[in-house]
*Asks:* 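Take this structure, written in structure tokens, and hold onto it; I'll ask about it next.
Throughout, residue positions are numbered sequentially from 1 according to the sequence presented.
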Amino acid sequence: MSLDEEQIADILAAMVLSPIPPSNVSVLDEYYGFKTVDSETRSKKIEDAISAITPEVLESQFLYVFDEIRRIFHNRNKSIIGQMVGSRLYRGPRYFQLLFLALHNLLVKEEKKIEDYDLVYNKLSNISNVTMNIAGGGGWWASKEKNELIQATSAVLAPCLVDRNMDDPMYYSYATELETLLNQSKTENSQYDFKQGLFDLKTEVLNEELINKIFKTLTAMANTDNKAVGYVIIGVADKFEDAEKIKNKYGEDYVRRGTFYINGVDGEVKKYYGGNYDKYFSMIKNKLQNAPITEHYRRQLGAKIRMVNYYNKSVIILKLTSDNGAVMYDKAYYTRIGANNDPVAVSAEEMPAFFAKFVK
């Protein structure tokens, strides 16, 4: 039915666009290129966003969240709106949309999974009275109110979920995450590092030294402060000349985003692994198992490593967070200042001030 189509279109737009757009019939028309002088801009934005995440991934994410909602309400005495709102069915679709987007935020963006479905169901009991307090009047639903209510609903449901482990399926493409990392790296460059690939372009040999340096660099980034986060992204060049070299070597074009060139690791996978992405990914994880890092941080790195599809370019994202004190690499602690500086071992004189950063 047309009302179902409108609801789904509204949800999909909120899943891929940032900030979350407002809701209105005219806004829906603009997604399809109809009405107003801004319609072309809005339709282009949503087309680009869907292309970045790919329609297949977006569909998987949507159906995954939808199926989780079905599990929450399976064999219950009340319907979704009945549990959340009660007998008052006014603005029912908006309450459903808030629930959907709050779960999308937790399950997909924050990489969590539902641990207790009964608890989620109980948390939703009459939630409209306090948390989902949707303003009345008119057909326009403001972006600001939607976002605030999604965040509030997420906060209520968060205690019912736990972090995923490395064996759990993931439905997030990281397209938005990758773009965010690229943008943030311009102002916080000591916490980001980019590698165009793992094989030497001349010798065609796997660069073991580079792989070890990647793990060392991640520990140095995490040692910036308590709860500091460091990223190394493989498959991205920050110089035009490097992107051209990779293009000429493997015949793989790149996607430009700002000052970065996303070339992906696809050329290496096809040339050295016969197109087997699992083998390439496993190679990196096997190298991690032999890295001189403590077991806690080795597990964390292994659980968070992702192969991301961005406009059909495969990019590896490695992430390390200092959530259990300073991070040691090969019996030493390293720090890093500036994007182009190699990790430097903490000296004996610097140790007291260094460890003071990690006191909780």
Side-chain angles (χ1 to χ4, degrees), residues 111 163-168 181 185 188-201 203-236 265 268-269 272-273 277-308 315-360:
E111 303 181 15
D163 291 337
R164 295 182 178 279
N165 58 51
M166 60 191 302
D167 296 320
D168 290 324
L181 293 178
S185 69
E188 305 172 27
N189 57 5
S190 65
Q191 296 303 101
Y192 302 84
D193 203 6
F194 302 92
K195 304 298 179 186
Q196 59 197 38
L198 299 178
F199 282 78
D200 188 288
L201 292 178
T203 66
E204 299 188 346
V205 173
L206 181 65
N207 194 333
E208 303 272 358
E209 183 179 345
L210 174 62
I211 295 174
N212 291 332
K213 184 179 177 182
I214 286 173
F215 296 138
K216 181 191 288 186
T217 298
L218 282 165
T219 68
M221 292 174 178
N223 282 336
T224 302
D225 205 344
N226 189 35
K227 301 299 183 183
V229 182
Y231 295 90
V232 172
I233 303 172
I234 306 169
V236 175
V265 298
E268 294 185 341
V269 175
Y272 305 114
Y273 291 86
Y277 287 84
D278 288 338
K279 282 188 177 180
Y280 185 92
F281 194 64
S282 296
M283 174 271 293
I284 298 175
K285 301 196 82 169
N286 289 336
K287 298 296 181 185
L288 173 61
Q289 293 307 309
N290 295 320
I293 305 175
T294 57
E295 190 59 29
H296 170 82
Y297 286 111
R298 190 198 319 279
R299 286 198 305 269
Q300 186 200 116
L301 255 176
K304 294 296 183 180
I305 184 173
R306 298 286 183 258
M307 181 176 284
V308 179
V315 177
I316 305 291
I317 297 179
L318 297 99
K319 173 183 176 183
L320 189 64
T321 306
S322 58
D323 61 355
N324 191 36
V327 189
M328 180 178 283
Y329 182 88
D330 199 16
K331 300 180 181 179
Y333 296 96
Y334 291 86
T335 57
R336 184 173 183 257
I337 301 175
N340 298 316
N341 294 334
D342 290 338
V344 178
V346 179
S347 66
E349 302 82 47
E350 296 170 324
M351 284 292 183
F354 172 74
F355 283 111
K357 298 185 296 184
F358 299 94
V359 177
K360 297 180 180 180

*Asks:* Over 60° means perpendicular and under 30° means parallel, so classify the ring planes of F199 and Y273, tilted if in between.
*Replies:* perpendicular

*Asks:* Verify the neighbour count for atom CD of E209: are there more than 12 heavy atoms of other residues, nucleotides or ligands below 6.0 Å?
*Replies:* no

*Asks:* First locate atom CG of L218, then atom OH of Y329, and finally report the distance between them rounded to the nearest 0.5 Å.
*Replies:* 10.5 Å

*Asks:* Measure the CD-CD distance between E268 and Q196 for me, rounded to the nearest 0.5 Å.
*Replies:* 8.5 Å

*Asks:* Taking only residues two or more places apart in sequence or in another chain, which ones pass side chain to side chain contact (heavy atoms under 4.5 Å, CB included) with F355?
*Replies:* A326, Y333, M351

*Asks:* Roughly how far, to the nearest 0.5 Å, is CG of D200 from CG of L210?
*Replies:* 9.5 Å

*Asks:* Does anything in residues 349-358 form a salt bridge (Lys or Arg N to Asp or Glu O under 4.0 Å)? List the pairs, not counting sequence neighbours.
*Replies:* none

*Asks:* Are any non-hydrogen side-chain atoms of D323 and Y297 less than 4.5 angstrom apart?
*Replies:* yes

*Asks:* Cation-pi check for F215 against K287: NZ or CZ below 6.0 Å from the six-membered ring centre and within 45 degrees of the axis, yes or no?
*Replies:* no

*Asks:* Mind checking the CG-CG spacing from N223 to L320? Nearest 0.5 Å is all I need.
*Replies:* 8.5 Å

*Asks:* Going by heavy atoms in the side chains, are V229 and K319 under 4.5 Å from each other?
*Replies:* yes

*Asks:* Please check this pair: side chain of R298 against backbone of L288, looking for a donor-acceptor N/O pair closer than 3.5 Å.
*Replies:* yes

*Asks:* Are T335 and V346 packed together at the side-chain level, in the sense that at least one heavy-atom pair is separated by less than 4.5 angstrom?
*Replies:* yes

*Asks:* Report yes if the side chains of D193 and M221 come closer than 4.5 Å at any heavy-atom pair, otherwise no.
*Replies:* yes

*Asks:* Nearest 0.5 Å please: distance from the OH atom of Y280 over to the NZ atom of K285.
*Replies:* 14.5 Å

*Asks:* Looking at side-chain heavy atoms only, is the closest gap between I305 and I284 below 4.5 Å?
*Replies:* yes

*Asks:* Is there a donor-acceptor contact under 3.5 Å from the side chain of Q191 to the main chain of S185?
*Replies:* no

*Asks:* In chain order, what residues pass the side chain to side chain contact (heavy atoms under 4.5 Å, CB included) check against D330, with sequence neighbours excluded?
*Replies:* P292

*Asks:* I'd like to check L318 versus Y231 (side-chain heavy atoms, cut-off strictly below 4.5 Å). Are they in contact?
*Replies:* no

*Asks:* With a 4.5 Å heavy-atom cut-off, do I293 and R299 have their side chains touching?
*Replies:* no

*Asks:* Working to the nearest 0.5 angstrom, can you tell me the gap between K195 NZ and I234 CD1?
*Replies:* 9.0 Å

*Asks:* Check the pair K213, D342 against salt bridge (Lys or Arg N to Asp or Glu O under 4.0 Å), reporting the backbone distance first and the verdict last.
*Replies:* CA-CA 9 Å; K213 184 179 177 182; D342 290 338; 2.7 Å; yes

*Asks:* For the residue pair L198 and V265, establish whether any side-chain heavy-atom pair is separated by less than 4.5 Å.
*Replies:* no

*Asks:* Tell me whether D225 is salt-bridged to K227, with the criterion being a basic N under 4.0 Å from an acidic carboxylate O.
*Replies:* no

